[in-house]
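Per chain, numbering begins at 1; letters A, B, ... match sequence-line order.
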Number of protein chains: 2
Amino acid sequence: MGTTQLEAAPEPKYWHLKTTLTEALDNEFEVGQILPNERDLAARYGVARATLRQALEQLELEGRLQRRRGIGTTVAPPRVGVDVSPAHDRWPGAPGDDWQIDGSERVEVPAAVARLLGRAVGCPAHLIRRTRRAHGQPVATEELYLPAAPTGAETARAALGALHRRELQGQERTVELGSARAEDARRLDRLPGSPVLLVTTRYLADDGPAAASVATYRADTCRLTFGDTGAMELLAS
Amino acid sequence: MGTTQLEAAPEPKYWHLKTTLTEALDNEFEVGQILPNERDLAARYGVARATLRQALEQLELEGRLQRRRGIGTTVAPPRVGVDVSPAHDRWPGAPGDDWQIDGSERVEVPAAVARLLGRAVGCPAHLIRRTRRAHGQPVATEELYLPAAPTGAETARAALGALHRRELQGQERTVELGSARAEDARRLDRLPGSPVLLVTTRYLADDGPAAASVATYRADTCRLTFGDTGAMELLAS
DNA sequence: GAGTGGTCTAGACCACTAT
DNA sequence: TAGTGGTCTAGACCACTCT
């Protein structure tokens with residue numbers, strides 16, 4: 001019958017519903033608790049399932065809910081703080097970081113990475129794929145590009161080792177919103193298209209860019225932290 | 001008639017559609033160009049309007065499209081890089097920054113801010129509302145909290161001036177995904193609930209937290225940049 | 001008033017997880 | 001096999017902007 005839309009609502013239903021649910025989450029639910037299923041919830045609030053889902057989607061975006069197909073909708077724990085400051089992460093693969101190498105291959109760098117590295121498109125490089133975990137859950141995947149030596153004989157691990165022996169000049173990072181590619185989604189245990197935070201890093205040595213990476217962080221579960229007190233303390237000493 | 005879902009598609013229609021549209025945007029459209037309206041596009045690709053919209057929503061999330069009610073859907077320019085590194089933004093309101101003060105009021109700090117400032121909930125503070133612009137467009141709104149002097153007589157502007165005369169110890173920043181509150185959405189010329197990047201900053205003086213702010217950046221148009229070469233260069237000198 | 005994107009409905013089937 | 005969230009449809013009305 002279409003909708004009736006009486007009540008002269010300047011405020012959309014899903015928006016009001018989201019507010020209602022937020023309050024319910026704050027007051028009546030515990031972290032990890034399973035909510036009623038979508039059909040029941042929609043009936044309870046007198047809206048169509050699609051409208052309810054619009055509210056749930058926003059709450060998931062805000063990190064309040066976690067939805068899993070075949071399981072149900074649960075109340076999400078607070079987001080995990082993930083340190084992405086240069087102090088924590090001086091060179092990629094430095095001992096003690098919480099990244100785990102999944103594999104590597106030799107590639108020709110794509111255009112976007114070539115720009116970051118200040119090299120020609122298609123120049124040879126090692127591509128190292130890594131996963132970052134926090135509290136046992138995967139929170140990020142990364143593609144790390146290391147320009148290959150002219151001989152082309154070294155392994156990815158050797159290239160990483162060589163990197164650690166160099167002088168660090170700085171890092172440049174950008175953060176933007178994206179949606180998970182199919183493969184990243186699989187590694188992060190999410191659906192393709194889920195919102196993610198794209199962290200692009202350019203590692204600088206004294207003679208220019210020495211490495212570049214694109215990391216994909218789960219936006220629903222992560223809060224990126226940039227603590228700059230470390231650098232400031234170095235300045236003061 | 002419901003859907004028919006033949007073709008045994010492991011890949012959702014909206015996902016495939018998004019890929020198709022991405023290629024079209026790369027090859028056949030110019031920045032600023034207006035796309036056909038949603039009903040026509042849906043018909044052209046043989047899908048329901050809701051399915052088309054699911055694809056458009058993702059493209060908007062990725063910053064490829066801009067949709068405006070009553071106008072149409074246009075091809076978005078590349079995201080603007082917005083510097084949020086400490087080097088750029090040493091103290092809030094430092095001369096030369098691109099923030100503009102919209103107003104201020106005296107408030108009692110809410111719980112989340114009290115935690116950041118290391119003070120009691122409800123302690124008095126100046127709340128300064130600011131807007132940041134890039135290329136003429138608003139890209140962020142901010143609520144900046146400055147603890148009030150014990151006497152309580154100073155103005156917000158005086159409190160800001162006092163801040164600038166203090167020694168900077170460091171900053172702590174976090175970035176996470178959120179959705180725009182009604183008022184922020186209005187200031188940013190977006191709809192309520194639009195995806196935004198929430199940047200929380202704690203400004204540290206030698207005797208502890210001296211200010212705290214929560215900034216709301218448009219996620220569709222902004223790429224946050226953290227260039228750390230500045231601090232590194234200082235270290236070297 | 002015409003045209004656009006935004007909201008909403010009622011109902012269907014699909015993919016996945018558990019039992 | 002039953003139950004969940006994910007996808008999809010066809011159609012309606014609303015809020016907004018432009019002419």
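The backbone N or O of B:Leu116 sits less than 3.5 Å from a side-chain atom of B:Arg202, completing a donor-acceptor pair.
For B:Tyr14, taking side-chain heavy atoms from C-beta onward, the closest of the listed nucleotides C:dT7, D:dT7, C:dG5 is D:dT7.
Distance B:Arg69 CZ to D:dA15 P: 8 Å, rounded to the nearest Å. Computed from coordinates, the B:Asn37 CG to D:dC18 P distance equals 17 Å when rounded to whole Å. Taking atom NZ of residue A:Lys13 and atom C1' of nucleotide C:dA10, one finds them 13 Å apart after rounding to whole Å. When rounded to the nearest whole Å, the span between CD of A:Gln66 and P of D:dG6 equals 11 Å. Atom pair A:Leu52:CG and C:dC8:P shows a separation of 12 Å (rounding to whole Å applied). Distance, A:Arg67 CZ to C:dA15 P: 19 Å, rounded to whole Å. Distance, B:Arg39 CZ to D:dA10 P: 15 Å, rounded to whole Å. As a whole-Å value, the separation of A:Glu38 CD from C:dA12 C1' is 15 Å.
Here B:Leu191 lies in heavy-atom contact (under 4.0 Å) with sugar-phosphate atoms only.
A salt bridge (charged side-chain N to carboxylate O under 4.0 Å, His left out) check over residues 14-37 of chain A, counting only residues at least two apart or in different chains, returns the pairs A:Lys18-A:Glu62, A:Asp26-A:Arg64.
Taking only distance into account, the side chain of A:Arg68 never meets the base of D:dG6 through a donor-acceptor pair shorter than 3.5 Å. Judged by atom type and distance alone, A:Arg49 reaches the base of D:dG6 through a side-chain donor-acceptor pair under 3.5 Å.
Here B:Thr73 does not reach the OP1 or OP2 of C:dT4: none of its side-chain N or O atoms lies under 4.0 Å away. For B:Arg53 and C:dG5, the shortest distance from a side-chain N or O to OP1 or OP2 is not below 4.0 Å. Not one side-chain nitrogen or oxygen of A:Thr51 sits closer than 4.0 Å to the OP1 or OP2 atom of C:dT7.
Each of B:Leu198, B:Leu188, B:Thr141, B:Leu197 was compared with B:Tyr217 under the side-chain contact (heavy atoms from CB on, under 4.5 Å) criterion, and only B:Leu197 meets it.
Mapped onto DNA chain C by nearest heavy atom, A:Ile71 and A:Gln54 fall at different nucleotides, with A:Gln54 at the one closer to the 5' end.
No side-chain heavy atom of A:Glu142 sits under 4.5 Å from any side-chain heavy atom of A:Arg132.
For A:Arg173 and A:Thr201, the side-chain atoms include at least one donor-acceptor pair closer than 3.5 Å.
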